[in-house]
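Just so it is clear, the model here is predicted, and its values are computed rather than measured. Both backbone and side-chain heavy atoms feed into the values below; hydrogens, waters and symmetry mates do not. Chain letters run A, B, ... following the sequence lines, proteins first and then strands; every chain starts at 1.
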Number of protein chains: 2
Amino acid sequence: MANIHDIAKLAGVSVTTVSRVLNNHKYVSDDKRTKVLTIINELNYAPNQSAIDLTRGETRMIGLIIPYNNNACFDQLLNGVLNKAVEMDYTVIVLPTQYNKEKEIEYLSKLKNKQLDGMIITSRANDWDAIIPYSDYGLIVSYDYTSHPAIGCSYIDRYSSYLDAFQLLKDKGHTHVAFTTARETESMSTQHLITAYKEVFGTFIPEYYLTGCSCLDDGVAAAKKLLHLPNRPTAIFANGDEVAGGIQLYAKSINLETPRDLAIIGQENQPIGVGLGITTVDHQLTKVGEQACELIIHKSNQKVKVPYQIIQRTSV
Amino acid sequence: MANIHDIAKLAGVSVTTVSRVLNNHKYVSDDKRTKVLTIINELNYAPNQSAIDLTRGETRMIGLIIPYNNNACFDQLLNGVLNKAVEMDYTVIVLPTQYNKEKEIEYLSKLKNKQLDGMIITSRANDWDAIIPYSDYGLIVSYDYTSHPAIGCSYIDRYSSYLDAFQLLKDKGHTHVAFTTARETESMSTQHLITAYKEVFGTFIPEYYLTGCSCLDDGVAAAKKLLHLPNRPTAIFANGDEVAGGIQLYAKSINLETPRDLAIIGQENQPIGVGLGITTVDHQLTKVGEQACELIIHKSNQKVKVPYQIIQRTSV
DNA sequence: GTAAAATATGAAATGGGTTTCAGGTCAAGA
DNA sequence: TCTTGACCTGAAACCCATTTCATATTTTAC
């Protein structure tokens, strides 16, 4: 394929002029501009993006680190990121880590390699200590709140949202409240959850805390355990509407009616929750994604809190 | 930041040798290799990916053209594409068009600009005539079947799957069968649907065909129309389990029991369908995505048919 | 009428790698 | 001893654009 020099030669101008035409600079005479465009058309020329990126030193590409690519939460986040990116003429690459530390570092290296202008981390495998150094090479925006000044944050006040969810259950008279999470870790999110739980209910009963839940089937399995406990919970706070849906379906199958016999609160306002009438804490992940993308594009390391809302339906 | 020349100078070798070290070529003596690696470490050097892409003439990046980024079907497709891409060390960029023709051409131009090695088109706004020329610059794989030899296909035999779905309803004694679609177009998919319908039921009643459905709420709205028709359908074939779920929920609200009063078949085996017990035609979109990605990576323009399956639950 | 500003153009430096080709050393096999 | 092949190395060409700087010509402003 032709390159800019070929065009220049055939049009009888310098490469500088061709470059100017390509970039719509003013200060190119009409006749030369026309001539160059004609040749470009004739040769079916298109500039090489790698060369452009090389000289410009930027790629207008944003990486999105996610743990798994088949997770409804991250779909919402991606959705938000894409909304903003397309609008601002950026491109998004999706980087699923499976919580593999080396993989995550490999992806972060794309900043250092100048393949990406910025990176959004939705969930991380490495400690911040291992991640921070990469912020020298491009803005990193996190979905976890972190106080480190180099890192931008588009985050949710989870402690507060969990507090609200538990309080809602307490107000309805529930004292035996179980909850589920996805990862079996000491993530901040889980810590907030436990702290909020203790804040509202005082004591924390280990059997009421189930982990490793992320889909409907996990919800069914969780319910199977929780609802046959000698001291069975009367309410469950699930980490997603699909899990909540699974819980509700299993409950129904053993003749426990919602909310009469079992109150359920889900999270993220997913489609299944609408269908099953599940009350949910909507953390507005699409907005979180949009905000994160905006921070990257404006090269801002601000900490932006995105408001959540509780959507009351019929499961509480 | 340092470049390969700086490394070469400080290590006392040529850039060729540094390049060899970076690419793990053999034929570099141990002492030079060690020396080079030491300097690379000291200077915290990382090669510039744009420069590499420029010389290599490839980027190991694959584009995925989708209409909207908030659609469950495309999430499944993306999931599959990512599975394969990560495995083969490729990167995926997501390109939502909103069915805008210019946008789509802009994305296809990324092949010509050598920004992408290949492109997967899940749904297109332009005619093939406008798309084909871009296959000169990188393999295009389509999710629609097309006979054009340049285009690879990872497709579903929709005509056959629709036939099966309608036949299932007919076998259960249904003669008044409605159906929904997403886009109001003459897409191949819709044509197959209508042809299959006529094949099974003979006559085609326009009021039984509703378009513009893609989420649960659309399903509710569709049901609201269909179920109050003077000659109301006894079965509905929806274009997705969320739409099907919406239909079922509305039906229930007006005291129509499934499957007694209304049979429903959904598509794509989405989470909500599990919850509501909706019989579904699973087109295995994740596999379709994986297969599409594989074709791109192997630069194969084969036409691969991915098998579908009907998952019977309780809505028929 | 003249100085300043706007317009127009190109040579050459720059960004940072890969790869071909040519040339060398050294050890194993005939 | 000589040939052959494996091993090692670097100069220079190549990939393809952007941008600075220098220069020249017109306009405009006073």
Check: Should B/Asp117 and B/Arg60 count as an ion pair when the cut-off is N to O under 4.0 Å?
Finding: no
Note to self: Less than 3.5 Å apart, any donor N or O on the side chain of A/Asp144 or A/Ser142 sitting next to an acceptor on the other?
What the structure shows: no
Check: Could you state the CG-P distance from A/Asn113 to C/dT18, rounded to the nearest angstrom?
Finding: 11 Å
Check: Can B/Glu87 and B/Lys84 be counted as an ion pair, charged N to O under 4.0 angstrom?
Finding: yes
Notebook entry, point to check: If we ignore angles and hydrogens, is there a donor and acceptor under 3.5 Å between the side chains of B/Ser123 and B/Tyr99?
Noted result: yes
Next item on the list: Give the rounded distance in Å between these two atoms: CG of A/Asp53 and P of D/dT19.
Entry: 12 Å
Check: How close or far is atom C1' of C/dT18 from atom CG of B/Leu54, stated in whole angstroms?
Finding: 10 Å
Margin query: Under 3.5 Å, is there a donor on one side chain and an acceptor on the other for B/Tyr137 and A/Asn44?
Written below: yes
Margin query: Could you tell me if the side chain of B/Leu64 sits less than 4.5 Å from the side chain of B/Phe74, heavy atoms only?
Written below: no
Notebook entry, point to check: In terms of side-chain heavy atoms of B/Arg56, which of C/dG17, C/dT19, D/dT19 is nearest?
Noted result: C/dT19
Next item on the list: To the nearest Å, give me how far apart CD (B/Gln115) and C1' (D/dA17) are.
Entry: 14 Å
Check: Quick one, which residues of residues 13-46 of chain B touch DNA chain C with a heavy atom under 4.0 Å?
Finding: B/Thr16, B/Ser19, B/Asn23, B/Tyr45, B/Ala46
Checklist line | d(NZ, B/Lys114; C1', D/dC15) in whole Å | finding: 10 Å
Check: Rounded to the Å, how far apart are B/Asn3 CG and C/dG16 C1'?
Finding: 6 Å
Note to self: Please check this pair: side chain of B/Ser135 against backbone of B/Ile140, looking for a donor-acceptor N/O pair closer than 3.5 Å.
What the structure shows: no
Next item on the list: Take A/Ile4 and B/Gly12, find for each the nucleotide of DNA chain D with the closest heavy atom, and name the residue whose nucleotide sits nearer the 5' end.
Entry: B/Gly12
Checklist line | Protein-nucleotide distance (A/Gln49, atom CD; C/dG16, atom C1'), rounded to Å | finding: 16 Å
Note to self: Does C/dG16 have its OP1 or OP2 closer than 4.0 Å to a side-chain nitrogen or oxygen of B/Asn48?
What the structure shows: no
Notebook entry, point to check: Which part of the nucleic acid, if any, lies within reach of A/Ile52 when heavy atoms closer than 4.0 Å are counted: base, sugar-phosphate only, or nothing?
Noted result: sugar-phosphate
Checklist line | Spacing between B/Lys9 atom NZ and D/dG10 atom P, to the nearest angstrom | finding: 14 Å
